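Below: one structure, written as C-alpha cells.
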Amino acid sequence: VQLQASGGGLVQPGESLRLSCQASGFTLGDYAVAWFRRAPGKEREAISCIDDSDGYSQYFYADSVKGRFTLSRDNAKNTAFLQMRSLKPEDTGVYYCAATPRVALSALAVDSSYDYWGQGTLVTVSS
C-alpha cells in the first residue's frame, strides 16, 4: 500500500500547479482522500478532502483555498489531484496526500483520521 505525491515546484504568485497522488496496492476510489499542508513554522493543516464512499460526495476546503483549489479523482488512473490556481506566497509548504477507507464527516479534515500517507511534495510560491 503506497501513496506517491508529485507535482510540486517553484512558481510565481498568481500561477498554477497540479499535484498528483498516485495510489498503489489499493483502490483509491474506495477511500476518502485528503491533501494536507505543512507551511514553514506551522502545524500541518487540512487543505482539501473528499469522501464519496457512500455514493455522496462530501468535500472539505480550507477557507484559505476556497475558490482557488480543486480536488478531483481519476479512478481509472487510481490517482487524486489537487489543482491549485492563483497561488499565493502563503500557499508555500509541503503538501501531503492521505487516504483512509472510512471517515466520519466530522473527522474529514483531521489528520489522525487517515491511515495512509504520501511522502510530501514541496510547493514554493515566490517572486
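Along the sequence shown, the residues carry numbers beginning at 1. Computed from a predicted model, the values in this text were never measured in an experiment.
Side-chain N or O atoms of Ser113 include none that pairs as donor or acceptor with a backbone N or O of Val103 at under 3.5 Å. Side-chain N or O atoms of Gln119 include none that pairs as donor or acceptor with a backbone N or O of Gln4 at under 3.5 Å. In terms of modelled atom types and a separation under 3.5 Å, the side chain of Asn78 and the main chain of Phe26 share a donor-acceptor contact. In this structure a side-chain-to-backbone donor-acceptor pair under 3.5 Å is missing from Thr124 to Thr92. At least one donor-acceptor pair under 3.5 Å links the side chain of Arg68 to the backbone N or O of Ser86.
Taking all atoms of both residues into account, the shortest heavy-atom contact from Gln22 to Thr79 is OE1-OG1, 2.9 Å. Of all non-hydrogen atoms in Leu19 and Val123, the two that sit nearest each other are CD2-CG2, 4.0 Å. Closest heavy-atom contact between Ser48 and Tyr61: OG-CE2, 3.0 Å. Minimum interatomic distance between Leu28 and Cys21 (heavy atoms only, all atoms of both residues): CD2-O, 3.9 Å. Across all their heavy atoms, Thr70 and Arg85 have their closest contact at OG1-NH1, 3.8 Å. When every heavy atom of Ala32 is checked against every heavy atom of Arg73, the shortest pair comes out as CA-NH2, 4.2 Å.
Atom OG of Ser106 and atom CZ of Phe60 lie 12.5 Å apart (nearest 0.5 Å). A distance of 14.5 Å separates OG in Ser6 from OH in Tyr95, rounded to the nearest 0.5 Å. In this structure, the separation between CG on Asp30 and CG on Asp52 is 9.0 Å, given to the nearest 0.5 Å. Of the inter-residue distances, the one linking Arg38 atom CZ with Glu43 atom CD reads 6.5 Å to the nearest 0.5 angstrom. For the atom pair OG of Ser64 and CD1 of Ile47, the computed distance is 5.0 Å after rounding to the nearest 0.5 Å. Going from atom CG of Leu3 over to atom OG of Ser24 covers 7.5 Å, rounded to the nearest 0.5 Å.
Val1 and Tyr114 sit in two unconnected hydrophobic clusters of ILVMFWY residues. Membership requires side-chain heavy atoms under 4.5 Å apart, directly or through other members. Leu71 and Tyr96 fall into different hydrophobic clusters, where Ile, Leu, Val, Met, Phe, Trp and Tyr residues are linked whenever their side-chain heavy atoms come under 4.5 Å apart, directly or through other members. In this structure, Ile50 is a member of the same hydrophobic cluster as Leu82, with clusters built from ILVMFWY side-chain heavy atoms closer than 4.5 Å. Val110 and Leu105 fall into different hydrophobic clusters, where Ile, Leu, Val, Met, Phe, Trp and Tyr side chains are chained together by heavy-atom contacts under 4.5 Å. Residues Phe81 and Val65 do not share a hydrophobic cluster, defined by chaining ILVMFWY side chains whose heavy atoms lie under 4.5 Å apart.
A 4.5 Å side-chain heavy-atom check between Trp35 and Phe69 finds every atom pair outside the cut-off.
Classified by interplanar angle (parallel below 30°, tilted 30° to 60°, perpendicular above 60°), the ring pair Tyr116/Tyr31 is tilted.
Taking 4.0 Å as the cut-off between side-chain N and carboxylate O, Asp91 and Lys88 do not count as a salt-bridged pair.
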